[in-house]
Amino acid sequence: MGNEFIKDLFDKYLNNKSVFDNKEALSHAYIPENLLHRDKELEDIVSIVIPAIRQETPSNIFIFGKPGTGKTACVKHIGKELNDISSKKDISSNFLYLNCEMVDTQYRVLSNLLSYYGEDVPLAGWPTDKLYSKFIECIEKKRQIAIIVLDEIDKLVKKGGDDLLYNLSRINGDLADSKVSLIGISNDLKFTKYLDSRTLSSLGHEEIVFPPYNAEQLKDILNNRAKIAFNEGVLSEEVVPLCAAIAAQEHGDARKALDLLRMAGEMAERNNDVKITEEHVRKGKEKLEVDGTTEVIKTLPVHSKILIYSILLLEKCKKRGMITGEVYSLYERLCNVVHIERLTYRRAADLISELETLGLINTVLISKGRYGRTKNISLAVDIDTVERAIQDDERLQSITKISHSQQITLTNHLK
DNA sequence: AATCCACAGGAAGCCCGGGAAC
DNA sequence: GTTCCCGGGCTTCCTGTGGATT
């Protein structure tokens with residue numbers, strides 16, 4: 001009986017005509033054949049990198065631009081081409097790509113670079129200078145121009161300082177037969193200000209800025225991908241322009257535009273609709289937002305959860321803007337209730353800053369004159385979404401499963 | 001003009017676990 | 001085993017500061 005029912009369900013969904021033909025084309029991992037509207041940027045990079053083909057050292061490059069402006073895609077394309085050409089011409093140049101989001105310490109960067117040369121080093125244990133000299137040894141043996149791409153380089157510098165960059169910028173002095181040049185990619189335009197001036201000067205770099213896409217350009221990009229991704233005739237004509245317009249507002253992020261388009265398709269499919277409409281885009285947008293914040297919050301460490309819950313309660317129970325001190329003293333109370341040892345003020349302040357970088361809250365530095373300087377804090381995302389996500393954590397039941405009046409009592413007389 | 005609040009945020013260092021080397 | 005290095009999370013201690021109030 002049950003089996004029959006399930007079988008029918010499968011039949012029903014399998015026989016559904018999908019709106020998608022090749023959904024992959026909308027995923028982040030997909031690298032398109034042609035990079036639209038990035039001609040100038042591509043040319044700039046190629047013109048700098050080209051000496052590598054002649055066995056000369058290219059200048060170092062810093063590439064800046066908001067997320068989803070095609071920085072990584074452009075660099076990867078060029079890298080592939082460069083490797084192709086040099087293998088044909090029997091030239092030894094090497095394109096090494098690293099993303100510093102995951103690889104965010106000196107040690108890890110070096111060990112990843114080494115793995116490009118087939119050297120497996122342990123993921124901990126060695127002194128870094130040993131890794132460094134091993135790396136030099138490896139390149140030297142190959143007699144090549146190595147171009148090292150450090151994507152999201154700002155993450156690396158903000159965490160580990162610029163020691164590694166300084167060392168890499170001066171590595172050519174330690175090399176006789178090989179040369180290294182760097183390409184740093186950063187979302188943060190002010191990223192160079194985190195660098196020590198001596199690092200900056202020994203890097204001697206060129207800068208390329210990727211401007212955000214405008215709505216028209218985003219439309220081209222989306223249309224291009226939609227042709228591959230969707231079956232013919234499923235898109236109603238207002239869908240692509242709408243996705244483009246929304247993404248253009250949010251600093252021209254092509255990735256976001258593609259997410260919207262994909263999600264719109266998924267909403268249609270879930271509804272068994274054969275045509276994707278404006279309505280699906282709006283629903284999809286909402287779902288992307290809710291899913292995004294839910295996921296972020298669920299993976300937060302407990303203390304961050306308690307902190308954001310403090311902010312949530314204050315938002316619920318008071319109307320005026322809350323400040324760090326209030327958030328912290330409510331956090332202390334909540335910690336007592338759930339029997340979790342509280343962190344110090346200093347640490348909590350750092351966690352609050354992290355919540356801001358995650359986009360969960362907004363903070364504004366304000367001065368209240370005689371009454372001090374502090375941060376004005378507010379939630380940046382939907383309050384119910386946050387509450388539901390926090391409620392999922394069993395450890396926090398004793399503070400989430402309480403009545404509104406109990407919530408108000410908790411927030412009374414802080415400090 | 002000086003004061004002084006309520007913090008912000010930097011620096012240093014501790015403790016721990018992972019892992020290599022001796 | 002002991003001793004070393006790295007890195008993450010955390011505490012302790014610290015200096016710096018915009019502007020309403022004195």
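A note on names: the letters A, B, ... follow the listed sequences, proteins ahead of strands, and every chain is numbered from 1. Everything quoted here is computed from the prediction, not taken from an experiment.
In summary, the aromatic rings of Phe230(A) and Phe20(A) are positioned with their centroids under 6.0 Å apart. A centroid separation of 6.0 Å or more is found between the aromatic rings of Phe135(A) and Tyr132(A). Ring centroid separation for the pair Phe62(A) and Phe191(A) comes in under the 6.0 Å cut-off.
Checking dC6(C), dC7(B), dG8(C) against every side-chain atom of Pro127(A), the shortest atom distance belongs to dC6(C). Side-chain proximity of Arg108(A) to the nucleotides dG19(B), dC5(C), dG8(C) is greatest for dG8(C).
The nearest heavy atom of DNA chain C to Gln106(A) and to His303(A) marks one nucleotide each, and the one closer to the 5' end goes with Gln106(A).
Atom CZ in Arg370(A) sits about 9 Å away from atom P in dT21(C), given to the nearest Å. Rounded to whole Å, atom C1' of dC5(C) lies 14 Å from atom CG of Leu123(A). Lys130(A) places its NZ atom 12 Å from the C1' atom of dC4(C), with the value rounded to the nearest Å. Rounded to an integer number of Å, the gap from Leu164(A) CG to dG7(C) P is 10 Å. Across the protein-nucleic acid pair, Arg342(A) atom CZ and dT11(C) atom P stand 9 Å apart, rounded to whole Å. Whole-Å rounding puts the Met102(A) CE to dG7(C) C1' distance at 16 Å. Separating the CD1 atom of Ile366(A) from the C1' atom of dG18(C) is a distance of 11 Å, rounded to the nearest angstrom. Put simply, CG on Leu365(A) is 8 Å from P on dA8(B), counting in whole angstrom units.
Nucleic acid contact class of Ile323(A) (heavy atoms, under 4.0 Å, all strands): sugar-phosphate only.
The residue from Leu96(A), Leu98(A), Ile185(A), Thr72(A) that alone fulfils the side-chain contact (heavy atoms from CB on, under 4.5 Å) condition with Val149(A) is Ile185(A).
Remark: the Ser367(A) side chain and the dG19(C) base include no donor-acceptor N/O pair separated by less than 3.5 Å. Put simply, the side chain of Arg346(A) and the base of dG9(B) share a donor and an acceptor less than 3.5 Å apart.
Phosphate proximity of dA8(B) to Ser353(A): absent, as no side-chain N or O sits under 4.0 Å from OP1 or OP2. Between Arg347(A) and dC13(C) there is no side-chain N or O to OP1 or OP2 distance below 4.0 Å. Look at Thr344(A) and you won't find any side-chain N or O under 4.0 angstrom from OP1 or OP2 of dC10(C). Phosphate proximity of dA21(B) to Trp126(A): present, with a side-chain N or O under 4.0 Å from OP1 or OP2. Using a 4.0 Å cut-off, no side-chain N or O of Lys375(A) falls inside it from OP1 or OP2 of dA6(B). Taking side-chain N and O atoms only, Tyr345(A) has a distance below 4.0 Å to OP1 or OP2 of dA8(B). Residue Lys368(A) has no polar side-chain atom (N or O) positioned under 4.0 Å from OP1 or OP2 of dT21(C).
Contact between Ile297(A) and Ala389(A) at its shortest, heavy atoms only, is CG2-CB, 3.7 Å.
With hydrogens and angles disregarded, a donor-acceptor distance shorter than 3.5 Å links the side chain of His280(A) to the backbone of Thr277(A).
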